[in-house]
There are 2 protein chains.
Amino acid sequence: MAVITPWDVKGDIDYEKVINEFGLKHLEKLPSEFMEHILFRRKKVFAHRDFQSILKAKSEGKKFVMMTGLMPTGMLHIGHMILAQQMIFYQKLGAKLYICVADIEAWNARGQSLEVSREKAIEQYITNYIALGLEPKNCEIYFQSNRSSDPVKANAYYRLQNVLARHATFNEFKAVYGEISPGKMVSSLLQAADMLHVQLPEFEGPVPTFVPVGVDQDPHLRLARDIAKRYKEHRFMQLASTYHLFVPGLGGGKMSSSDPSSFISLTDTPKDIKKKINKYAFSGGQATIEEHRKLGGDPDIDTSYRWLTFFEEDDEKLAKVYKDYRSGKLLSGELKAILVEKMSAFLENHQKKREAAKKRISEFFD
Amino acid sequence: MAVITPWDVKGDIDYEKVINEFGLKHLEKLPSEFMEHILFRRKKVFAHRDFQSILKAKSEGKKFVMMTGLMPTGMLHIGHMILAQQMIFYQKLGAKLYICVADIEAWNARGQSLEVSREKAIEQYITNYIALGLEPKNCEIYFQSNRSSDPVKANAYYRLQNVLARHATFNEFKAVYGEISPGKMVSSLLQAADMLHVQLPEFEGPVPTFVPVGVDQDPHLRLARDIAKRYKEHRFMQLASTYHLFVPGLGGGKMSSSDPSSFISLTDTPKDIKKKINKYAFSGGQATIEEHRKLGGDPDIDTSYRWLTFFEEDDEKLAKVYKDYRSGKLLSGELKAILVEKMSAFLENHQKKREAAKKRISEFFD
């Protein structure tokens with residue numbers, strides 16, 4: 001059985017079931033701009049809730065906001081890139097971006113100091129975002145522990161966290177998160193404030209806002225939506241959201257920051273990449289070359305192929321890999337070599353961009 | 001059995017027992033300046049925890065802070081004056097005063113809007129404090145919902161609330177408060193931040209700080225002290241506190257803002273005062289004048305006499321009232337008349353000062 005909470009993703013996820021259970025909708029009939037992006041064309045971003053409000057604002061040339069957060073524990077790996085790519089896509093599409101560094105959550109849930117969170121957020125996350133194309137214009141990055149250098153905004157943000165508390169119950173937190181602690185509860189309320197505060201008069205006022213997430217994050221969204229509904233002192237436009245698939249871990253299960261054999265990080269070298277893929281990537285091939293030539297491999301369970309569906313932009317090239325692997329023409333080692341080359345080229349280029357990005361950090365902060 | 005929680009004070013309080021159970025000490029050997037004040041001379045402020053650190057700072061000419069809060073629900077009544085008088089005494093003594101308007105708590109615990117809290121805090125509390133002698137110098141009044149117009153201070157205050165959450169447990173909140181809700185828990189953490197944040201580097205830095213309270217507020221203090229001990233990221237000097245007696249309600253029980261027959265408010269007219277005292281003040285006299293002349297009354301259970309111990313500054317005059325009432329020379333009606341006259345004169349004068357105070361509100365805010 002698949003368990004999906006913000007704290008735990010286990011087992012194979014039946015995404016159709018998730019759509020039904022969480023009351024989501026398939027993401028369909030998107031404007032052509034979306035179809036040019038690999039993540040939408042290949043349905044890696046596959047579902048949504050109330051996203052039509054965002055498409056409507058976009059088509060009418062009205063303001064809309066993309067809100068997201070990052071928990072600065074561990075390294076940024078290629079699984080995180082799915083979200084970073086969306087951020088940058090939406091920024092180009094015209095969204096105003098709010099990016100929250102969840103350093104209070106990292107402290108309350110993991111005991112990581114605010115200083116370490118600040119360093120990691122900048123070195124690991126923000127530097128990579130910039131290298132991937134994030135621009136300072138229409139983009140506000142902030143730390144939960146230090147919301148704003150504008151006192152009106154700082155007070156308004158934390159005030160919202162505090163007043164929302166009246167509209168939540170312990171049972172609700174327990175139902176959504178399982179076991180909770182005061183630290184987790186406070187962090188959850190702050191996260192609700194993160195998602196909602198951009199609509200306060202001190203920020204943008206009521207504005208279509210959406211949060212792109214993996215399905216594991218949906219409980220946070222449902223809680224924020226429920227609390228927002230009950231808070232009558234300010235009319236919030238209801239939060240929209242989109243849902244993306246997870247890039248599988250190298251071994252086939254979940255990619256996890258705490259298991260380096262499951263991921264490639266954005267700072268891995270070509271040597272690291274080759275070693276990790278050859279050693280850990282789950283193969284859909286047969287036991288011997290003879291059998292593989294005869295029976296063919298199964299690309300649908302092969303990590304190398306599955307990763308290529310996220311990173312190989314060329315649809316025809318990808319289709320050929322699929323066909324040749326199925327037929328047995330392409331061997332497992334050869335498929336791995338294709339992925340190694342793809343990832344090495346991408347990361348070598350990315351790491352050059354990272355060096356340039358380091359000098360641009362200050363453009364993103366006051 | 002007496003029940004003492006921040007939410008409920010019932011029954012007669014055995015203050016000696018409270019001192020033992022809460023680990024307090026008798027407030028003794030105070031400097032002569034204290035003895036000139038009726039509340040200390042008459043042991044209305046009767047106990048303390050760690051108050052020697054404050055006396056030491058005072059005697060060495062070092063900075064010390066008095067922290068207090070007000071919950072702006074209901075009217076300010078003469079029971080609240082005990083605290084206001086201490087505030088003003090300590091300000092004259094050289095303390096820096098921090099006064100927190102607990103509007104977030106009023107919202108989360110009582111559902112009172114921030115706007116109403118603001119109005120009540122100013123009209124009822126702060127205006128009266130000024131009329132009683134509070135001065136803007138060395139005095140910072142703030143609202144929990146809007147901590148500071150200095151962004152560094154605003155962020156630091158709410159940051160503290162959020163990081164302290166890691167050091168509290170649900171069981172601890174339950175043990176201290178009985179039933180809790182997310183709103184109450186968040187308010188309690190904010191209250192701990194209220195008591196501790198003045199020692200952050202963004203405010204005063206580590207400084208001897210004390211909170212003058214009624215014994216019903218001690219659970220808040222113990223919780224804040226316990227949490228502060230566990231928070232290793234900043235060295236807080238442990239919070240000191242003093243404890244004052246409650247002015248009894250007119251009927252003899254607890255004075256309660258929700259029961260107008262139990263109190264006289266600072267805006268009551270001489271007519272109101274006379275009516276309330278004559279109608280509701282519990283009498284320690286005998287059933288008939290004859291019996292009273294013969295047996296005498298019991299001043300120790302007589303509300304009028306008990307109130308005079310708080311408000312009649314002249315020790316000799318008070319002693320004479322006691323003696324004459326005991327002997328039967330002073331009748332219950334005459335004792336009530338003494339109190340009526342005392343309170344009327346005081347409040348008539350106070351209300352004139354209130355009019356002047358209204359024009360000085362702005363001196364206390366940026």
Side-chain angles (χ1 to χ4, degrees), chain A residues 102-115 117 142-174 179-193 202 223 227 231-233 366, chain B residues 102-115 117 142-174 179-193 202 223 227 231-233 366:
Chain A
D103 59 350
I104 290 288
E105 191 177 345
W107 167 251
N108 278 327
R110 311 271 184 98
Q112 179 170 289
S113 79
L114 301 179
E115 293 70 27
S117 283
Y142 69 90
F143 291 79
Q144 283 181 327
S145 70
N146 199 22
R147 175 60 188 91
S148 179
S149 58
D150 175 345
V152 174
K153 289 186 175 187
N155 284 298
Y157 168 70
Y158 298 110
R159 182 187 308 133
L160 184 63
Q161 175 194 20
N162 276 294
V163 297
L164 289 180
R166 181 169 168 78
H167 295 296
T169 66
F170 282 129
N171 284 339
E172 187 165 40
F173 283 112
K174 278 181 197 154
E179 266 316 289
I180 49 163
S181 64
K184 273 191 185 177
M185 207 201 75
V186 158
S187 301
S188 292
L189 286 167
L190 191 56
Q191 193 174 67
E202 293 85 352
L223 184 64
I227 293 175
Y231 184 67
K232 308 295 184 199
E233 277 65 23
D366 297 342
Chain B
D103 59 349
I104 290 289
E105 189 176 346
W107 166 251
N108 278 328
R110 311 271 185 100
Q112 180 169 290
S113 78
L114 301 179
E115 293 71 26
S117 283
Y142 69 90
F143 291 79
Q144 284 181 327
S145 70
N146 200 23
R147 175 60 187 92
S148 180
S149 58
D150 175 344
V152 174
K153 289 187 175 188
N155 284 298
Y157 168 70
Y158 298 110
R159 183 187 308 133
L160 184 63
Q161 175 194 21
N162 276 293
V163 298
L164 289 181
R166 181 168 169 79
H167 296 296
T169 66
F170 281 129
N171 284 340
E172 187 165 41
F173 283 112
K174 278 181 196 156
E179 266 317 289
I180 49 163
S181 63
K184 272 191 186 176
M185 208 201 75
V186 158
S187 302
S188 292
L189 286 168
L190 191 56
Q191 194 174 69
E202 293 85 351
L223 184 64
I227 294 175
Y231 183 67
K232 308 294 182 200
E233 276 66 24
D366 297 341

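A, B, ... follow the sequence lines: proteins, then strands. Residue 1 opens every chain. Heavy-atom basis, side chains included; hydrogens, waters and symmetry copies ignored.
At a 4.5 Å heavy-atom cutoff, B:Leu160 makes no contact with chain A through either its backbone or its side chain. In this structure, chain A has heavy atoms under 4.5 Å from both the backbone and the side chain of B:Ser145. Looking at B:Glu233, the atoms closer than 4.5 Å to chain A (heavy atoms on both sides) all sit in the side chain, from C-beta outward. Proximity to chain A is limited to the side chain of B:Gln161, based on heavy atoms less than 4.5 angstrom apart.
A:Glu172 contributes a side-chain N or O that, together with a main-chain N or O of A:Thr169, makes up a donor-acceptor pair within less than 3.5 Å. The backbone N or O of A:Gln144 lies less than 3.5 Å from a partner atom in the side chain of A:Asp103, making a donor-acceptor pair. For the pair A:Asn108 (side chain) and B:Arg166 (backbone), a donor-acceptor distance under 3.5 Å is present.
Taking the six-membered ring for Trp and the full ring otherwise, the centers of A:Tyr157 and A:Tyr142 sit less than 6.0 Å from each other.
The most heavy-atom pairs under 4.5 Å with chain A, out of B:Ala156, B:Ala165, B:Pro182, come from B:Pro182. The most heavy-atom pairs under 4.5 Å with chain B, out of A:Ser181, A:Ala154, A:Ser187, come from A:Ser181. Comparing A:Leu190, A:Ile104, A:Asp150, A:Val163 by how many heavy-atom pairs each has under 4.5 Å with chain B, the most go to A:Val163. Chain B forms more heavy-atom pairs under 4.5 Å with one residue of A:Val152, A:Leu189, A:Ile180 than with any other, namely A:Ile180. Looking only at heavy-atom pairs under 4.5 Å with chain B, the residue among A:Asn146, A:Leu164, A:Leu114, A:Asn155 that has the most is A:Asn155.
Across all non-hydrogen atoms, the minimal contact from A:Met185 to B:Met185 is CE-CE, 3.4 Å.
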Could you check B:Phe173 against B:Ser188 for side-chain contact (heavy atoms from CB on, under 4.5 Å), going step by step and ending with a plain yes or no? CA-CA 8 Å; B:Phe173 283 112; B:Ser188 292; 3.7 Å; yes

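Taking the six-membered ring where tryptophan is involved, the planes of B:Tyr158 and A:Tyr158 are essentially parallel, since the angle between them stays under 30° and well short of 60°.
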